[in-house]
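Here is the structure we will look at, set down as structure tokens.
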Amino acid sequence: MAKPKKTPRPKAETPKGFRDYFGAEVTERAEMLQKIARVYHRYGFDAFESSAVETVEALGKFLPDVDRPNEGVFAWQEDDDWLALRYDMTAPLARVYAQHRNDLPNPYRRYTMGPVWRNEKPGPGRFRQFYQCDADTVGTASMAADAEICAMLSDCLEEVGIPRGDYVIRVNNRKVLNGVLDLIFGFDSKSEDAVLSAVYDTEMQKDEVLRAVDKYDKFGREGVQLLLTTGREDASGDFTEGVNLTADQAATILNFVEARGASNATTIKNLEDLLGAAGRGLDGVEELRTISDLLLSAGYAEDQIIIDPSVVRGLGYYTGPVYEAELTFEIEDEKGRPRNFGSVAGGGRYDDLVKRFTGQEVPATGVSIGVDRLLAALHAKGRLDTQSAGPVVVTVMDRDRMSDYQAMVADLRNAGIRSEVYLGNPKNFGNQLRYADKRDSPAAVIAGSDEFDRNVVQIKDLILGAKIAETASLEEWKDRPSQFEVPRDQMVARLREILEK
RNA sequence: GCCGCCUUAGCUCAGUUGGUUAGAGCGCCUGAUUGUGGAUCAGGAGGUCCCUGGUUCGAGCCCAGGAGGUGGUACCA
């Protein structure tokens with residue numbers, strides 16, 4: 001006899017960076033997705049859904065290399081192909097558009113929602129699987145498309161319960177930032193006479209500058225100043241290399257980042273003044289002016305959508321306008337410290353993404369709403385009625401009358417009332433009410449032989465009962481002030497009254 | 001990836017200078033009440049003190065290494 005090998009029990013745990021969603025968490029998100037989708041639909045976007053798995057090749061430059069095969073994405077090899085879970089909705093859209101471009105209308109406008117996956121270190125409120133809800137317009141370079149996206153984003157936020165004034169959509173333009181960098185580095189690296197290695201170094205440095213500017217929100221002027229010049233030490237004593245710019249160069253950049261004026265018109269004027277005669281930066285400013293004008297005439301005020309030169313949105317694939325939605329109200333974390341929620345949505349124009357597939361430049365612009373973050377923000381703010389209504393529980397007094405109890409829930413269900421018969425062991429009656437309590441049931445139905453003989457049921461208002469219990473003495477409590485008797489044929493009507501309260 | 005902090009019951013945490021049987025609150029289960037949620041009272045279950053090795057007569061406590069968690073930071077389509 002072989003020794004029976006004890007197989008270790010599997011640990012019941014969610015993998016790191018993932019989580020489970022129960023009851024109201026699922027329905028709340030479904031409702032939010034539906035609200036956002038309705039706005040997108042109203043704006044004329046078409047519903048669309050693609051597979052969660054793409055070839056790594058189609059997803060883009062993030063090829064898993066030999067050393068770090070899973071860096072960033074969840075990828076695996078199948079025969080000779082590398083496959084991966086999508087990490088956003090935009091890269092799949094570029095693939096789909098390139099693939100079906102002959103059959104799709106032009107411009108193509110679609111919205112889509114679903115989970116995306118990122119294989120990276122999870123943080124507080126940051127998971128490796130999360131929901132996004134995207135809308136994009138592919139095939140037009142018109143700034144009207146960008147303006148529309150911003151307007152729609154504003155509508156979405158208000159639709160899900162964030163009133164005007166509690167959010168702001170900040171708009172910037174990559175072309176302006178690049179114009180600033182041209183100014184700093186003294187030449188356009190794309191020109192003919194540029195030395196190749198110098199171009200490379202400069203481009204690297206430009207990326208680093210963008211990264212530093214992106215942290216303006218987090219570290220403030222001083223922090224970015226340090227990052228741009230000599231480097232910065234964080235709270236834990238870790239040191240981040242600086243970009244080694246001169247103080248003058250850093251100051252020029254910071255002047256742009258802080259160029260926001262009291263109104264969009266002032267901001268635009270500031271940007272023009274700072275850019276002087278420099279080339280491509282001014283194109284960007286002109287685009288910002290167009291977007292701002294379009295939004296103002298569409299009725300979106302500058303307390304909702306503002307031009308803010310400090311918006312960067314990563315290095316990314318963005319080529320023109322970029323947008324970011326931020327919640328402006330303060331929330332507190334578990335320890336009561338005020339916390340900044342950061343951005344809940346973002347997007348921008350990416351004119352080169354489809355080109356990877358087709359070789360032709362296809363202008364496109366779109367937005368992505370981080371649904372989980374938005375939900376978390378609403379929760380933290382207490383703007384979500386978390387009280388999920390449980391079912392009416394029909395208790396079991398007499399197991400031989402099961403068919404009568406089933407008839408009761410059938411009546412309730414036919415009347416549209418969420419209800420169920422207690423299916424656990426009915427021996428201990430107290431447990432049945434405790435169960436109803438735990439389920440957040442609004443009411444329980446009670447009927448034993450006594451009630452059946454007289455063709456009545458007891459209805460117990462559990463919400464009222466809980467309220468009474470807070471103050472009542474034992475004797476008052478035992479008196480069952482929240483319970484009353486009704487004829488069987490009035491059960492549905494009386495329960496409906498309770499539910500409507 | 002880098003830096004810091006942490007790891008004892010389902011949860012939140014005590015645990016003295018290294019000392020014998022590791023505790024509390026909350027939660028859970030049972031009963032007082034087999035036809036009634038809360039409160040109260042009585043009782044009960046629940047532990048690989050993260051792992052491995054070392055020091056010691058003796059380790060939850062000291063030392064070394066590892067793992068996991070967490071906070072910051074870096075990267076982030």
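Just so we're on the same page: letters track the sequence lines, and every chain starts at 1.
Under the ring-ring contact (aromatic ring centres under 6.0 Å, His included) criterion, the residue pairs touching residues 442-498 of chain A are A:Tyr405-A:Phe452, with sequence neighbours excluded.
In this view, A:Glu78 and A:Trp76, A:Leu83 satisfy the side chain to side chain contact (heavy atoms under 4.5 Å, CB included) rule, not counting sequence neighbours. A:Arg110 pairs by the side chain to side chain donor-acceptor pair (under 3.5 Å) definition with A:Asp136, not counting sequence neighbours. Under the rule for a salt bridge (Lys or Arg N to Asp or Glu O under 4.0 Å), the partners of A:Arg109 that lie at least two apart in sequence or sit in another chain are A:Glu148. Residues satisfying the side chain to side chain donor-acceptor pair (under 3.5 Å) test with A:Asp372, not counting sequence neighbours, are none. A:Glu49 is linked by a side chain to side chain donor-acceptor pair (under 3.5 Å) to nothing, counting only residues two or more places apart in sequence or in another chain. Considering only residues two or more places apart in sequence or on other chains, A:Gln490 meets the side chain to side chain donor-acceptor pair (under 3.5 Å) condition with none of them.
Across B:U30, B:U36, B:C76, the shortest atom-to-atom separation from the side chain of A:Arg126 is found for B:C76. Counting only heavy atoms from C-beta on, A:Asp88 has its side chain closest to B:A77 among B:A77, B:C76, B:G35. Distance from the side chain of A:Glu120 is smallest for B:C76 among the nucleotides B:C76, B:U36, B:U73. When the nucleotides B:G69, B:A77, B:C76 are ranked by their closest atom to the side chain of A:Lys16, B:G69 comes out on top. You'll find that the side chain of A:Lys218 is closest to B:U73, out of B:C75, B:U73, B:G37.
Across all strands, A:Glu451 comes closer than 4.0 Å to base atoms (heavy-atom distances). The residue A:Asp479 sits apart from the nucleic acid: no heavy atom pair falls under 4.0 Å. Residue contacts shown for A:Ser441 are absent, as no nucleic acid heavy atom lies under 4.0 Å away. Contact annotation for A:Tyr318: no contact, since no heavy-atom pair falls under 4.0 Å across all strands. Using a 4.0 Å heavy-atom distance criterion, A:Lys467 is classed as making no nucleic acid contact. At the heavy-atom level, A:Ile446 lies under 4.0 Å from base atoms of the strands shown.
At a cut-off of 3.5 angstrom, the base of B:U36 holds at least one donor-acceptor pair with the side chain of A:Lys460. Between the side chain of A:Gln432 and the base of B:G35 there is no donor-acceptor pair of N/O atoms closer than 3.5 Å. Looking at A:Arg118, its side chain has no donor and acceptor atom pair within 3.5 Å of the base of B:C75. With hydrogens and angles ignored, a donor-acceptor pair closer than 3.5 Å exists between the side chain of A:Lys121 and the base of B:U73.
Remark: P of B:U36 and CD1 of A:Ile463 are 22 Å apart, rounded to the nearest angstrom. Whole-Å rounding puts the A:Asp214 CG to B:C76 C1' distance at 10 Å. Between the CG atom of A:Asn428 and the C1' atom of B:C29 there is a distance of 11 Å, given to the nearest Å. At whole-Å resolution of the value, CD1 in A:Ile468 and P in B:U36 are 17 Å apart. Distance CG (A:Leu85) to P (B:A77): 18 Å, rounded to an integer number of Å. Spacing between atom NZ of A:Lys427 and atom C1' of B:U34 amounts to 8 Å, rounded to whole angstrom units. Distance CG (A:Leu353) to C1' (B:A77): 9 Å, rounded to an integer number of Å. Look at OH on A:Tyr435: it is 16 Å from P on B:C28, rounded to the nearest Å.
With respect to A:Arg349 and A:Glu287, no salt bridge is recorded, no charged nitrogen being found less than 4.0 Å from a carboxylate O. Taking a cutoff of 4.0 Å between a charged side-chain nitrogen and a carboxylate oxygen, A:Glu57 and A:Arg356 do not qualify as a salt bridge.
Residue ring and nucleobase are not stacked for A:Tyr317 and B:A77 under a centre distance beneath 5.5 angstrom and an angle between planes beneath 30°.
Separating the P atom of B:G25 from that of B:U34 is a span of 29 Å, rounded to the nearest Å. Rounded to a whole angstrom, the distance from the C1' atom of B:C2 to that of B:A77 is 23 Å. A gap of 15 Å separates the C1' atoms of B:U52 and B:G68, to the nearest Å. Rounded to the nearest Å, the gap between the C1' atom of B:C26 and that of B:A32 is 23 Å. Here, B:C6 and B:C61 have their C1' atoms 16 Å apart, quoted to the whole Å. Comparing the P positions of B:U7 and B:C63 gives a spacing of 14 Å, expressed to the nearest Å. Rounded to the nearest Å, the gap between the P atom of B:G38 and that of B:G71 is 35 Å. A gap of 35 Å separates the C1' atoms of B:C62 and B:A45, to the nearest Å.
For the OP1/OP2 pair of B:C75 and a distance below 4.0 Å, the side-chain nitrogens and oxygens of A:Lys215 include at least one atom meeting the criterion.
Comparing A:Asn431 and A:Ala447, the nucleotide of RNA chain B nearest to each residue sits closer to the 5' end for A:Asn431.
A:Thr365 and A:Tyr323 share a donor-acceptor pair across their side chains, judged by distance under 3.5 Å alone.
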Item checked: Which nucleotides of RNA chain B pair, in dot-bracket form (Watson-Crick or G-U under 3.5 Å, | meaning another strand) -> (((((((..((((.....[...)))).(((((.......))))).....(((((..]....))))))))))))....

Dump the pairs, protein N or O against N or O of nucleotides 38-43 of chain B, anything under 3.5 Å, distances to one decimal.
residue : atom : partner  : partner atom : Å
B:G38   : N7   : A:Trp477 : NE1          : 3.0

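The six-membered or imidazole ring of A:Tyr317 lies near that of A:Tyr350, with a centre-to-centre distance under 6.0 Å.
Aromatic ring pairs are classed by plane angle as parallel below 30°, tilted from 30° to 60° and perpendicular above 60°; the pair A:Tyr435 and A:Tyr422 is perpendicular.
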